[in-house]
Every structure is written in structure tokens, then in C-alpha cells.
Amino acid sequence: MSPYDPSAFPPFAVTVDLVVLTVRRHALCALVVRRGEPPFQGRWALPGGFVRDDEDLATAAARELGEETGLCASDPSAPALANGAHLEQLATYGDPRRDPRMRVVSVAHLALAPDLPAPRAGGDAHSARWAPVEDLLGQEGGFGRDGEQPAPLAFDHARILADGVERARSKIEYSSLATAFCPAEFTVGELRRVYEAVWGVALDPRNFHRKVTGTPGFLVPAGGTTTRQGGRPAQLFRAGGATLLNPPMLRPEV
């Protein structure tokens, strides 16, 4: 077999884009940045950047996550970090026309973390903010804030965001992913509010409590109580070793 000629193939760049989701004020929110440079200067976009020569994809995604949010990618086999976030590869996007500068293939990643502080912009972004997913994806004509003209998210980021949100919504049906939105110790009520924010529906508290406590090892008592949600003291739990809900908690029809 004869060796191939590298010059016979067109060069192209690889980027990582981040769908960073959190729950703020009982709403599912995503991190967006306003682009400070062309293309799409002034438009809102997902955070991300080009993969460096010496990086693999996971390293590049973790670096971008740290630069944009100050969070570290969590290692499931290591002790939980105070600033840790769940990070997983989402999908690859390679439309030849997705970036007007050159051929760019993006490997998107999904990041989930508890209620996060106001973001800080970095790189070529001159502002950053948390925005409700419903506003980013549900408004005709695109997203705008503070009286600015609404416009679609830059590049194909609306599609990437929609795919990331659907990944989160579907995985919390059967996995422990929803606990990634919670602090290290949380109440069943706080976990229920995560499900309600991600799915956009109200859930029956008693049925929810029975389901999440019915899978052995899914939640384990943390040995304390809290009144931070008001009312009577509520028992605190931690995510247990069981990563699958059995039976799964199916998303209600809306």
C-alpha cells in the first residue's frame, strides 16, 4: 500500500464548543458570550475555542471550561472538587459552511454544574452572561438583551445548544446526571427542583421522593438536615454509587 500525500487533502481546524448548563433562580440557564471579533462580531455565542497543537479534545475542553468559568472537569473516580463540573463529549459538527473563515470542525462538549456565579468573559469575548435556555432557543428572531436587536446565536450554536439541552433532559430520566446540578449535599426537594427546571414541568413531590429514594445506592444520607429552603428541617443526601435509576423516571408529556 503506497503512502498517502498529505498535501492532497485540504487542511482544516478543530474547535471545542461548550454547552455549559446550570440552574439559576429555578430556571435552566446556559452560558453565552458576546463575540468581540469577526465573524459574527456582537452576536451571542457558546464559549469555546480552537484546539491547540499539543492538546487532545478532552484537554482542550477542560481548558476552555476553566478559562470561561473557573471550573475544573470532575474526575468520577476522584474525590469531588468544590469547583468541579461534569464534562462529557456531546457531538461533532462539520458542515463545510459553519464558519466563514475556513473549514472548521467543532467537537461540542456538555458541562453541568450547580448554581454558578456571574461569569467573566475571556478570549475574544467582551461580555458573558447566563441566559435562560427558554429565551435562547424559544424566541422568534433570536436572542437579545437589554433592548438590543434579537439575533440568532452565532455559527450553528443554536443547534449545538438544543442538542446539549436534549442530552441533559433525556439522561436525567435514567442516570444520576441531575445530581451534577446540585451541591455536594442536597435535599430531595432541591433535586426535584433541578428536574423541574431541566424538564420545564412541575412534579409531584411525594412520587418524586419515592422514586429517587427507591433505587438502592442512588442517594445516600449525608447525616444532617437543613432549613435553607424554609419550613421544617429537611434531610441532606449525597449522590451514591448507583448511577442508574431503576426504574427510570420518565419525562412527563408536555
Side-chain angles (χ1 to χ4, degrees), residues 15-36 40 43-51 55 57-76 80-93 106-138 143 145 152-172 175-184 193-195 197-200:
T15 61
V16 288
D17 287 312
L18 299 177
V19 178
V20 186
L21 300 179
T22 194
V23 174
R24 289 170 61 88
R25 303 182 186 93
H26 307 300
L28 182 64
C29 295
L31 179 64
V32 288
V33 296
R34 196 201 303 269
R35 289 188 56 79
F40 304 108
R43 294 261 288 273
W44 293 95
L46 298 175
F50 287 91
V51 178
E55 290 180 319
L57 295 172
T59 301
R63 173 180 54 79
E64 287 288 342
L65 180 67
E67 291 175 356
E68 297 289 352
T69 67
L71 296 170
C72 297
S74 296
D75 180 352
L81 299 172
N83 64 336
H86 173 88
L87 182 66
E88 66 178 60
Q89 194 173 121
L90 174 63
T92 302
Y93 302 84
S106 178
V107 183
H109 288 68
L110 175 65
L112 309 177
D115 186 17
L116 297 173
R120 60 183 189 278
D124 65 354
H126 63 80
S127 59
R129 68 163 302 180
W130 294 105
V133 165
E134 184 178 352
D135 293 346
L136 292 169
L137 297 177
F143 174 71
R145 58 165 299 195
L153 295 179
F155 305 103
D156 51 359
H157 287 184
R159 176 190 172 192
I160 296 175
L161 175 60
D163 289 347
V165 169
E166 180 55 33
R167 167 77 66 86
R169 285 174 173 166
S170 61
K171 283 192 72 171
I172 66 173
S175 77
S176 59
L177 192 67
T179 61
F181 288 103
C182 296
R193 279 182 278 276
V194 166
Y195 275 84
V198 174
W199 283 345

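- Between Trp199 and Tyr195, the ring planes lie perpendicular to each other; the angle is over 60°, past the 30° to 60° tilted range.
- Arg43 places a side-chain N or O within donor-acceptor distance of the main-chain N or O of Pro152, the cut-off being under 3.5 Å.
- Residues Ala113 and Ala85 approach most closely at CB-CB, 3.9 Å, considering heavy atoms.
- The NE2 atom of His109 sits 5.5 Å away from the CG atom of Leu87 when rounded to the nearest 0.5 Å.
- Within a 6.0 Å radius of CD in Gln89, more than 12 heavy atoms belonging to other residues, nucleotides or ligands are found.
- One distance of note links CD1 of Ile172 with CZ of Phe181; it measures 7.5 Å at 0.5 Å rounding.
- Rounding to the nearest 0.5 Å gives a distance of 8.5 Å between CZ of Phe40 and NE2 of His157.
- Using a 4.5 Å heavy-atom cutoff, the side chains of Cys182 and Val194 are in contact.
- From His86, atom NE2 reaches atom CG of Leu71 across 13.0 Å, with rounding to the nearest 0.5 Å.
- In this structure, the side chain of Arg129 does not engage the main chain of Val32 through any donor-acceptor pair within 3.5 Å.
- Between the OG atom in Ser176 and the NZ atom in Lys171 there is a gap of 8.5 Å [rounded to 0.5 Å].
- Exactly one of Leu31, Leu18, Thr22 qualifies for a side chain to side chain contact (heavy atoms under 4.5 Å, CB included) with Thr69. That residue is Leu31.
- Residues meeting the salt bridge (charged side-chain N to carboxylate O under 4.0 Å, His left out) test with Glu166, sequence neighbours left out: Arg251.
- Considering all non-hydrogen atoms of both residues, Ala30 and Leu136 come closest at CB-CD1, 3.8 Å.
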Exercise for review: Go through the steps to decide whether Ser127 and Trp44 satisfy the test side chain to side chain contact (heavy atoms under 4.5 Å, CB included), and finish with yes or no.
Suggested key: CA-CA 9 Å; Ser127 59; Trp44 293 95; 3.8 Å; yes
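- Heavy atoms only, all atoms of each residue included: Cys29 and Arg24 are closest at SG-CB, 4.0 Å.
- Summarising the local packing, CZ of Arg159 is surrounded by 12 or fewer heavy atoms from other residues, nucleotides or ligands at distances under 6.0 Å.
- From Leu112, atom CG reaches atom CG of Leu110 across 4.5 Å, with rounding to the nearest 0.5 Å.
- When Asp156, Leu153, Asp17 are each tested for a side chain to side chain contact (heavy atoms under 4.5 Å, CB included) with Leu161, only one passes: Leu153.
- Residues Tyr93 and Asp163 have side chains that bring a donor and an acceptor to within less than 3.5 angstrom of each other.
- Checked by atom type and distance alone, the side chain of Arg34 never pairs as donor or acceptor with a backbone atom of Ala128 at under 3.5 Å.
- Contact annotation: the side chain of Val51 approaches that of Val16 to within less than 4.5 Å [non-hydrogen atoms, C-beta and beyond].
- Here the side chains of Phe155 and Ile160 are not in contact, with every heavy-atom distance at 4.5 Å or above.
- The two residues Ala162 and Leu137 make their nearest non-hydrogen contact at CA-CD1, 3.9 Å.
- Residues Glu68 and Gly48 come closest through the heavy atom pair OE2-N, 4.4 Å.
- Across every non-hydrogen atom of Ala111 and Leu65, the tightest pair is CB-CD1, 3.9 Å.
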